[in-house]
Amino acid sequence: MREEPVDHGRRPEEPSESALESLPKTFDPSRFESRWYALWESEGRFQPQGESGSPRYVMVIPPPNVTGRLHIGHAYGRTVEDILARWKRMLQFRVLWVPGTDHAGIATQMVVERNLAKQGIDRKVLGREAFVERVWEWRRESGDVILGQLRRLGCSLDWSRLRFTLDPALSRAVRHAFVLLYRDGLIYKGRYVVNWCPGCGTAVSDLEVVEKPTKGTLYKIRYDVPGVPEGAVVATTRPETMLGDTAIAIHPEDPRTGGLKGRKAILPIVGRDLPVVEDAILVDREFGTGIVKVTPAHDANDFAVGQRHALSAVVVIGPDGKMTAAAGEYAGLDRFEARKRIVARLEQEGRLVAAEPYTINLGTCQRSDDVVEPYLSEQWFVKIQPLAEPAIRAVREGTVRFAPESWAKTYFSWMENIRDWCISRQLWWGHRIPAFTCVNGHVLVEDEDEPPAACPTCGSPELVQDPDVLDTWFSSQLWPFSVFGWPEATRDLKDFYPTDVLVTGYDILFFWVARMIMAGLRFTGKAPFSTVHLHGLVRIGGEKMSKTRGNVIDPLEAIEEFGADAVRFTLAWAAASGPTVSVERGRMAGSRNFATKVWNTARFTLAQLDGREVPEDLDGRSLSLADRWILSRLSMACGDVNRHLSEFRFDEAAERIQGFVWHELCDWYLEMVKPVFAGPDASAAETARGVLRRCLRDSLALLHPFMPFLTEEIWEKLTGRAGTLIVTPYPQAVAAWRDDEAEASLEALRAIVTRVRNLRTERAASPTAPVALWIDPASPSKETLPALEALAPLLTHLGRLSELRFAAPAAGSTRDVVAGIRVGMELPRSEGSAAAVASGDARDEKTRLALDDEIAQLSAKVQNAAYLEKAPPAVVEKTRLRLRELEAKRAALGMSGPS
RNA sequence: GGGAGGUUAGCUCAGAGGUAGAGCGCCUGCUUUACACGCAGGAUGUCGGGGGUUCGAUCCCCUCACCUCCCACCA
């Protein structure tokens, strides 16, 4: 799959293959990914380990649609969860991450319906039972693909606890929850105007309606009013609903419409008498003509007016989106066709006063994209406010916290204005409402699958179950405890509930997160989790993903191309705190490159360790400055990574690990250690091998939550133990390793080496051109001088120096001050090019000017009395130091002769 | 109408009250004891506009502009 790297030249001294045979030269993740996953799983690593009272860490997966496929958003969220799971597992928590899928009522039913339609089969002809059987069949065939995809990603889910929202136990939980709420008077049935999707043929909740600004028309229509010559002009964007008008409304105190009081209007086309009602709530005196048509069956506000004024309601648009018999001559017409004809008729009759272009927020169905119709029908509702109040308190009091915290505000504003939840759906796929009605109309709500034998009220043996099913989210809200067997008091419920962290996209904060908090508190008395990590939605290169844009990244394709580790690392790295997560292909390649880098670091290290003496314990070893430096850096990295992970800053954590491994361990320590390995000091080499081994070991462990496969693969070669990295203690900062002296010294060394390399580039000299270097004992910072003397061999090696002297720079050498050290460098004229020297001089001039500028600024600052008085002494001291160094640098530049 | 977030290097994004970072891209050079998916060096930013607080603001406050999203209303 992967191409062999191109060999760009001959390598006369190819390292002996025997030393490297433990790791193949080419990094090919497809060679080992599936193997490690299978091993972890078979050894039970994904199941909670340890005693059942020890600290535990529990998450439940946001259950994807059972028939869904992995998309980049899933990949992102699950990667984040897996990083947490693996990190906590390595911190020796008893980790449980529960997998599962959701039956996803409308979505699944629609897919199956569409498939049947392709075969010319109508769901209604098929019948309910047969249709549901078809859905199960389809679920068996195509279901669970996504679970395999999660395995590919490396998700350490406990498959022994796999759940599905329609499992018998979870269905029981749903019925039980329904019964509990019903008995407490928190579920009621009633006729209200709800959002109706004609395409799906069901009611949907407010949240499932997506408003889209759409260009439409505002029609102004004149209704005749006997005794009022000008009539009443009303406005509407949906003229077809006028057939269901049962009143017109005016504001009681509007002088413009006062003449209409007590009169009757005549509904055009239909001829029905419409009372004029006065309603200050509905009618806005400032808006339009001040007269509103009232259609109680097809508008929620009008329905309320109808209740207030005891108006009748006439349903003129049916559940299929076609006009009903009550629409008279328009019966059977599609609602939009009816609109056209009615407008034409009104125009013909001279009643259409105006038709103005108008932008309306058209409510559309989240699932089918159809225009949602307000529709009067009998539905089940949850009285939500009594549930919301404790849930608000839980967040306010910190029982549940949001990360990032700013989401709490959004949560409060929704919860505080929450409206009753329509939970019945006119679908066949889902949890059937456990309500039974007898022939005498007695309603019985029972925690049973089958209807009871007889009505307990009247003894009638004929009971019919409510045909509706429940909103999918009604079952999802129980997920954090239904997966553990609630309402049974199971061992798992006791051991693992409440859970710790919930990770999900902010887009389902209201749909799911808020409802889980309400349900958890209501049914278990406990908030279902203590932390909600809400993440952003994935975008590709700043744009929303869409097939038309052609910027969709298929996670599986990306895994094929770059490897699961690289995909995970990219996603973690992209984890911003903001509302969007930006993923780019370039980053995928970058992550893959990093994985390769780790691979090669391991190859090098393993080759060095091969069959040689390697100290496991570094205590008591005589460490070199370089050893001390890298251990200090390693310790710092460990501390930072743990901190970032605890703050859900996966991006910072990933970047920190990469920075350490690549730019400190590889770029510097590895290079510093090469001459030690080749050198005569066997003891120093042995120590360095121990340090290198430790660095690799801890780097692999640090990286494991991000790149589990690659790290486990290398781990086996490094330790001889297969598949154990996953449970190895996560590296922590080692206080004893912190070494400011070594850090300062190596910082100086790195700065000097960089300066020497830079000189060669400036002069267009070859990287091997001999450079003589002087380090001035009279440098501005003398603290690192002794260390630099000790580091002289390293300096010579890394800087490829022809000569190194600790003495005042020779006259005519190129001077500079770096990291407080005054240096002089001499590069033979013959090595560079004259042009380069000239451009180098030009650049020096620029540098000099910039230096002058900054020196002037800093001296002004240091002479500013207010600054000296008010700024913290440490800051002032830092400024003085910087000024001194810049002055030294300026002086050095001034003294630089052409060399 | 209410609310949230954003505006930083060519691109995608981090960042902190003391004059800016990463990855990718770009330029130059290079096979130097693992790695060209590499090594070395380099360039690039009036940190959206204006005002204020401060010894000091890109970071805090106000305001304007533009962008994204959420909620409500919509005769």
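Owing to the predicted nature of the structure, the values given are computational and were not obtained by experimental measurement. Letters A, B, ... are given to chains in the order of the sequence lines, protein chains preceding strands, and every chain is numbered from 1.
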Taking N and O atoms by type only, does the side chain of A/E211 place a donor or acceptor under 3.5 Å from a partner on the base of B/C74?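 Side chain to base: pair found, below 3.5 Å.
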
Donor-acceptor pair (no angle test) under 3.5 Å: A/R587 side chain, B/C24 base: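 Counting by modelled atom types and ignoring angles, no donor-acceptor contact under 3.5 Å is found here.
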
Reckon [X] touches a base, only the sugar-phosphate, or nothing at all at heavy-atom distances under 4.0 Å?
X	value
A/H663	sugar-phosphate
A/D667	sugar-phosphate
A/W599	nothing
A/R800	base
A/Y358	sugar-phosphate
A/D302	nothing
A/F594	nothing
A/K409	sugar-phosphate
A/T879	nothing
A/R757	sugar-phosphate

Geometric class of the A/W407/A/Y506 ring pair [parallel <30°, tilted 30-60°, perpendicular >60°]: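 The rings of A/Y506 and A/W407 lie parallel, inter-plane angle below 30°.
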
Could you check whether the rings of A/F594 and A/F569 sit parallel, tilted or perpendicular, using 30° and 60° as the cut-offs?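 Because their plane-to-plane angle lies in the 30° to 60° range, the rings of A/F594 and A/F569 count as tilted.
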
Nearest-angstrom distance, C1' atom, B/G29 to B/A36: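 Approximately 14 Å lies between the C1' atom of B/G29 and that of B/A36.
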
Taking only the C1' atom of each, what is the distance from B/C26 to B/G49 in whole angstrom?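 Going atom to atom, C1' in each nucleotide, I get 30 Å.
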
Determine which pairs satisfy salt bridge (charged side-chain N to carboxylate O under 4.0 Å, His left out) with at least one residue from residues 232-246 of chain A, sequence neighbours left out, and list them in order.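 Salt bridge (charged side-chain N to carboxylate O under 4.0 Å, His left out) check on residues 232-246 of chain A returns A/R238-A/D299, A/R238-A/E373, A/E240-A/R339, A/D245-A/K293.
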
side-chain contact (heavy atoms from CB on, under 4.5 Å) with A/V371: which residues, sequence neighbours excluded?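 For A/V371, the residues satisfying side-chain contact (heavy atoms from CB on, under 4.5 Å) (neighbours in sequence not counted) are A/R335, A/F336, A/L362.
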
Would the A/F27 and A/W599 ring centres measure less than 6.0 Å apart?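 They qualify: ring centres under 6.0 Å apart.
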
In dot-bracket form, 5' to 3', how is RNA chain B paired? Count Watson-Crick and G-U wobble pairs only if both distances fall under 3.5 Å, and write | where the partner sits on another strand. ((((((((.[[[[.)..(..]]]].(((((.......))))).....[[[[[..)....]]]]])))))))....

Listed nucleotide nearest any side-chain atom of A/Y506, set B/C55, B/C69, B/A34: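 Of B/C55, B/C69, B/A34, B/C69 is nearest to the side chain of A/Y506.
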
Just how far, in rounded Å, is C1' of B/C39 from CH2 of A/W668?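 My rounded result for the distance is 12 Å.
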
At under 4.0 Å, does any side-chain N or O of A/S413 touch on OP1 or OP2 of B/G2?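 Looking at the OP1 and OP2 atoms of B/G2, neither is under 4.0 Å from any side-chain N or O of A/S413.
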
